[in-house]
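Below is one structure; the comments refer to it alone.
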Amino acid sequence: MIDVDLLRKEPAKVKENLERRRNPAYLELFEKARARDAEWRACLGEADALRKRRNELSRQIADARSQGRSVAEIEAEAKRIPDSLHEVAAREASLKQEADLLLRRLPNLLDVTVPYGKDDTENVVVATWGEPEKGAPQLKSHSELLEALGLAEFDRAHRVSGAGFYYLKGPVVLLDLALQRFALDLLVERGFTPVEPPFMLRRGPYEDVTDLADFENVMYKIDQEDLYLIATSEHPLAALYRGEILDEDRLPIRLAGVSMNFRREIGGHGVDQKGIFRVHQFSKVEQFIFSRPEESPRLHEELRANAEEVFRRLEIPYRVVNVCTGDVGTVAAKKYDVEAWFPRQQAYREVVSCSNCTDYQARRLRIRMGKAGKPGKVVPHTLNSTAVATSRALAAILEQYQQPDGSLTVPKVLRPYLGGRTTISAPSGPN
RNA sequence: GCUGAGGUAGCCUAGUCCGGCAAGGCGCCAGCCUUGAAAGCUGGUGGCGGCGACGCCGCGGGAGUUCAAAUCUCCCCCUCAGCGCCA
């Protein structure tokens, strides 16, 4: 949620910024939000005037009573107030609610360094690393390789849970855990505190950390409970200090979330036919930071550098794109994607999403900065970035490290986590 | 799931029975005092609206009764403790 003060005092700036997102719906929303806010303030004035008169008369009645004077006349006027106040107050409350809802639906203001563009085809490459291999169409797809090596059961998973689910088996499970541990160790070394968060959140907190459309398209709802399965540990990590005042001397707070993530993926691209690239559940190590506002651009680069380091150490070629104005999500002010090279597909595909949410998420969560005993008004910034999503990283590894004989070489940096194992090949016996 | 106790400002607490401007402490800020500091003393310390004087709101949430609700009535939510169940 953006600061309502900006809407009132610098509407031209806000409008100009919203225009960059290239979605006319936002401009409509902006006008409506402004108008409703003005109506609300006018109505609030009316209600306050009535309340003021009521309070005056109430006090007069109390005073008169205590002095034994008659209250009949004052009471006659006082009795007329509740009816009109009731009507005005109801209108005021409903205008307030409408104005709030409109304000909450407005996206974050974009950072000036976000490139102007209409959709993901106009994202700007800002870095590349490694040598993408050209001409490797003879490779197996990651799902074919998983099945050939006896490392996954897709058909059986689809039968019992539906499309978008999988069984992983054997050494690839250890490889998955190795990836998580490798990423986590790297982050701990860099000052992050590992956190295993709740995998479910209540609706209230959840509405504060993401936009409403996600409830329709992304999150799984638990039947009979006010609980949603998390789509990413970013969400419970952001909600960790909901309604609290953060000691500004302790910022930045660096957290490394470790969780399974659940996504319905309704609409959009849906789930992939087979494999683990786009699925309903996956493990992820997530970076999350609460920061002072002035530090967030620097920390955004730090998150990006950490994510790049993960893929550099895995020796997977990648590039980084600065996501353009038409493609940045609602909550982020700026976003980088890291895209790994998939040699069989001959394409870069998204493996990391790294966002600076500025004060948008924290304001919704009613988080402020300050010192003990001295709450401030400043809203801290929140940032998040994938360190490694194992589904995507495994898919990249399965293509990148595939050998001509059909075996899979284990990335060097993961070998210590697998007892020094260097290769995964097809099992000789039945499994 | 059952029973009980709770939810009041950044934090801790009183007020609730019996309706009448939310009291006190801690912390924090400022001033006085002091060579400096501490202590002490004085004042301030939430949200919203208003250019402002100022006003309104705020006691978990909502509805009701009333001129007037932290306080009375009804509904709901949450937390903690004990018990039950459980990897």
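Within every chain, numbering begins at 1; the chains are lettered A, B, ... in the order of the sequence lines, protein sequences first and strands thereafter.
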In Å and rounded to the nearest 0.5 Å, what is the CG to CG distance from A/Leu174 to A/Leu418? 6.0 Å
Figure out the CZ/P separation between A/Arg368 and B/rA9, and round it to whole Å. 12 Å
If the condition is salt bridge (Lys or Arg N to Asp or Glu O under 4.0 Å), which residues does A/Arg392 pass it with, not counting sequence neighbours? none
Identify, residue by residue, the members of residues 78-94 of chain A with a heavy atom below 4.0 Å from RNA chain B, and return them in order of residue number, or none. A/Ala78, A/Lys79, A/Pro82, A/His86
According to the salt bridge (Lys or Arg N to Asp or Glu O under 4.0 Å) rule, which pairs have a member within residues 407-421 of chain A, sequence neighbours left out? A/Glu315-A/Lys412
In whole Å, measure the gap between the P atoms of B/rC77 and B/rA22 for me. 30 Å
Anything below 3.5 Å on both distances counts as a pair; with that, list the stems of at least three consecutive Watson-Crick or G-U pairs involving RNA chain B. B:1-7 with B:77-83, B:10-12 with B:24-26, B:27-32 with B:40-45, B:46-49 with B:54-57, B:60-64 with B:72-76
If you assign each of A/Gly376 and A/Glu75 to its closest nucleotide in RNA chain B, which residue comes earlier from the 5' end? A/Gly376
Give me the distance, rounded to whole Å, that separates B/rA68 from B/rG10 when you measure between the P atoms they each carry. 29 Å
Under 6.0 Å between ring centres, would you say that holds for A/Tyr336 and A/His300? yes
Please list every donor-acceptor pair under 3.5 Å in which a side-chain atom of residues 221-231 of chain A meets a protein atom from a residue at least two apart or in another chain.
unit_1   : atom_1 : unit_2   : atom_2 : d
A/Lys221 : NZ     : A/Glu225 : O      : 2.2
A/Asp226 : OD1    : A/Arg203 : N      : 3.2
A/Tyr228 : OH     : A/Arg203 : NH1    : 2.9

Please list all pairs meeting side-chain hydrogen bond (donor to acceptor under 3.5 Å, both in side chains) that have one or both residues in residues 11-20 of chain A, counting only residues at least two apart or in different chains. A/Glu10-A/Lys13
Lys NZ or Arg CZ of A/Arg181 over A/Tyr417 ring: under 6.0 Å, within 45°: no
Rounded distance (Å) that lies between atom P of B/rG47 and atom CZ of A/Arg363: 14 Å
Atom CD of A/Glu196: over 12 foreign heavy atoms under 6.0 Å: no
For nucleotides B/rG47 and B/rG52, find the distance between their P atoms and express it as a whole number of Å. 16 Å
Taking B/rU13 as the reference, what is the distance to B/rG27 when you measure between their C1' atoms (whole Å, please)? 14 Å
Less than 3.5 Å apart, which donor and acceptor atoms pair up between the side chains of residues 42-54 of chain A and the rest of the protein, not counting sequence neighbours?
unit_1  : atom_1 : unit_2  : atom_2 : d
A/Glu46 : OE1    : A/Arg91 : NH2    : 3.4
A/Asp48 : OD1    : A/Arg51 : NH1    : 3.2
A/Arg53 : NE     : A/Glu77 : OE2    : 2.9
A/Arg53 : NH1    : A/Glu56 : OE1    : 3.0
A/Arg53 : NH2    : A/Glu77 : OE1    : 3.0
A/Arg53 : NH2    : A/Glu77 : OE2    : 3.4

Pairwise P distance for B/rC76 and B/rC2, with rounding to whole Å: 13 Å
Any carboxylate oxygen within less than 4.0 angstrom of a Lys/Arg side-chain nitrogen, looking at A/Asp100 and A/Lys96? yes
Is a side-chain donor or acceptor of A/Asp37 paired with a backbone partner of A/Arg8 at a separation under 3.5 angstrom? no
Output yes when A/Arg190 and A/Glu302 qualify as a salt bridge under the 4.0 Å nitrogen-oxygen rule, no when they do not. no
Nearest whole Å is fine: how far is B/rG58 C1' from A/Arg366 CZ? 14 Å
Provide the distance between the two P atoms, one in B/rU3 and one in B/rC12, to the nearest whole Å. 28 Å
Under 3.5 Å, which N/O atoms of the protein pair with N/O atoms of nucleotides 77-80 of chain B?
unit_1 : atom_1 : unit_2   : atom_2 : d
B/rC78 : O3'    : A/Arg202 : NH1    : 3.3
B/rC78 : O3'    : A/Arg202 : NH2    : 3.3
B/rU79 : OP1    : A/Arg202 : NH2    : 3.0

Can A/Arg104 and A/Asp208 be counted as an ion pair, charged N to O under 4.0 angstrom? yes
If the condition is salt bridge (Lys or Arg N to Asp or Glu O under 4.0 Å), which residues does A/Arg313 pass it with, not counting sequence neighbours? A/Glu309
Length of the CG-P vector between A/Asp249 and B/rG27, whole Å: 18 Å
Using whole Å, what does the distance between atom P of nucleotide B/rA68 and atom CD of A/Glu77 come to? 13 Å
Taking the same atom, C1', in B/rA69 and in B/rC59, what whole-Å distance lies between them? 11 Å
Indicate yes or no: does A/Arg65 engage A/Glu75 in a salt bridge with an N to O separation below 4.0 Å. yes
Set of residues satisfying ring pair (Phe, Tyr, Trp, His ring centres under 6.0 Å) with respect to A/Tyr401, sequence neighbours excluded: none
Specify the separation, in whole Å, of atom CD1 of A/Ile245 and atom P of B/rG46. 11 Å
Taking atom P in both B/rG62 and B/rA5, compute the distance separating them and give it to the nearest angstrom. 25 Å
Heavy-atom contacts under 4.0 Å between residues 49-61 of chain A and RNA chain B, which residues? A/Arg51, A/Lys52, A/Arg54, A/Asn55, A/Ser58, A/Ile61
Table of protein N/O atoms under 3.5 Å from nucleotides 48-50 of chain B N/O atoms:
unit_1 : atom_1 : unit_2  : atom_2 : d
B/rG49 : OP1    : A/Arg8  : NH1    : 2.1
B/rG49 : OP1    : A/Arg8  : NH2    : 2.8
B/rG50 : OP1    : A/Arg41 : NH1    : 2.6

Could you walk me through whether A/Lys335 and A/Asn384 pass the side chain to side chain contact (heavy atoms under 4.5 Å, CB included) check? CA-CA 10 Å; A/Lys335 181 164 90 164; A/Asn384 67 81; over 6 Å; no
B/rA68 C1' sits how many Å from A/Arg65 CZ, rounded? 10 Å
